[in-house]
Protein chains: 2
Amino acid sequence: MDSNVSLESSTKQRFAGRKITSQRTLLLDLIRKADGHLSADELYRQAREMGASLSLSTVYRNLRLFKKLNLIDEHHLAQEHHHYEARSSTEHQHLICLDCGQVIEFQSSFTKRMKQVIRRKMGFEITGAEVHFMGYCARCRPQEEQVNTPARSYGHD
Amino acid sequence: MDSNVSLESSTKQRFAGRKITSQRTLLLDLIRKADGHLSADELYRQAREMGASLSLSTVYRNLRLFKKLNLIDEHHLAQEHHHYEARSSTEHQHLICLDCGQVIEFQSSFTKRMKQVIRRKMGFEITGAEVHFMGYCARCRPQEEQVNTPARSYGHD
DNA sequence: CTTACTGCAAATAGTTTGCAAGAAG
DNA sequence: CTTCTTGCAAACTATTTGCAGTAAG
């Protein structure tokens, strides 16, 4: 299955015929080195802090390009703006704490299996997944058990 | 028994002390009757078509309220705007076709199980989930097995 | 040289907010 | 009557685009 992975290939190949500009190289580098997910604005700021000369439009334009070339993934987390991260071989999901706002990554084989089932049962060919769980992390979780919780009648757990 | 189906309770209870306005009643009705997910704008348009007098801000304000009261769920699909739908007892996930744009709902017990595992393993209390799979539906799926070809009109930029 | 890329500013899309008028309780 | 809600317009945030100048190939 790894026969066609090109994430590590040369810069030339990366951009598939497009021109290699300092902005593109830097942006992709920053995304790859970031350990989490970045917003367009965070990315822009980081680039400027490194002394690079580029504009926010360039950031957006290139994010779109990278996405099209499958170099990065775009996530629609529970926030107003998007987040981007380098496409990696290890697929993962996100836990979002509604209190402290942190985003925790986790892995689960469920997603992979779910995809298989969907392809078989519905003929839907899945190319990308976004799995987000919202809730409260161990630290922010309320201690006491609510008695009259109105919003949790999902066939119990 | 805790199986209070609060979704069907009286209008008074619904808004938890807030005032009951014609706009609120209509909006919630429309959301409940819609079989899919609506955007704020679609909802606004539908309401206007029914002759109702309301503004887009009112739609947004009330969507926010309904969300807070757990009457509806907000989804961040792979689009620029949000989608809303009545909170229902049957939890479901979304398949989004990147070609024709349709959003298909499906159910899977995987999600429920994943949530259990996460709570046990990570102590993360999950209150809401968004599971989206992007890809190509049976109709739009290319016949040939081109998985890695970015395919289709890449035009430029 | 040629064509694609960038920066800037202006344009959009989606959503929020301040304030005065109006409706619910 | 009092308080909450609405409508309108203006504000805001995230993102896109037109155009002329600039850099990559």
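All of these numbers come straight from a predicted model, not from anything done at the bench.
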Donor-acceptor pairs under 3.5 Å, side chain of residues 55-66 of chain B to any protein atom, not counting sequence neighbours: which ones?
from    : atom 1 : to      : atom 2 : distance (Å)
B:Ser55 : OG     : B:Ser57 : N      : 3.4
B:Ser55 : OG     : B:Thr58 : N      : 3.3
B:Ser55 : OG     : B:Thr58 : OG1    : 3.2
B:Asn62 : OD1    : B:Arg24 : NE     : 2.8
B:Asn62 : ND2    : B:Thr58 : O      : 3.1

Holding to ring-ring contact (aromatic ring centres under 6.0 Å, His included), I want the full list of residues that pass it with B:His76, two or more places apart in sequence or in another chain. B:His82
Rounded off to whole Å, could you give me the CG-to-P distance for the A:Leu28 and C:dC5 pair? 15 Å
Give the B/S/- string for nucleotides 6-15 of chain D, one per nucleotide from 5' to 3', where a protein heavy atom under 4.0 Å of the base yields B, of only the sugar-phosphate yields S, and otherwise -. BBBB----SB
Under the ring-ring contact (aromatic ring centres under 6.0 Å, His included) test, which residues partner A:Phe110, sequence neighbours left out? B:Phe110
Nearest whole Å is fine: how far is C:dG14 C1' from B:His75 NE2? 18 Å
Measure from CD1 on B:Ile20 to C1' on C:dG22 and round the result to the nearest Å. 18 Å
For A:Glu80, all residues meeting side-chain contact (heavy atoms from CB on, under 4.5 Å), sequence neighbours excluded: none
Sorted by chain and residue number, the side-chain contact (heavy atoms from CB on, under 4.5 Å) partners of A:Arg48 (sequence neighbours excluded) come out as A:Tyr44, A:Leu54
Name the orientation class of the two ring planes belonging to A:His75 and A:His92 (parallel below 30°, tilted from 30 to 60°, perpendicular beyond 60°). tilted
Would you please name every residue forming a side-chain contact (heavy atoms from CB on, under 4.5 Å) with A:Val103, sequence neighbours left out? A:His37, A:Leu77, A:His94, A:Ile96
For B:Lys19 and D:dC4, give me the distance from atom NZ to atom C1', rounded to whole Å. 4 Å
Interatomic distance, B:Leu63 CG vs D:dT5 P [rounded to whole Å]: 15 Å
Which angle, rounded to 10°, do you find between the first-five-pair axis and the last-five-pair axis of the helix from C:dC1-D:dG25 to C:dG25-D:dC1? 40°
The criterion is side-chain contact (heavy atoms from CB on, under 4.5 Å); which residues satisfy it with A:Lys19, sequence neighbours excluded? none
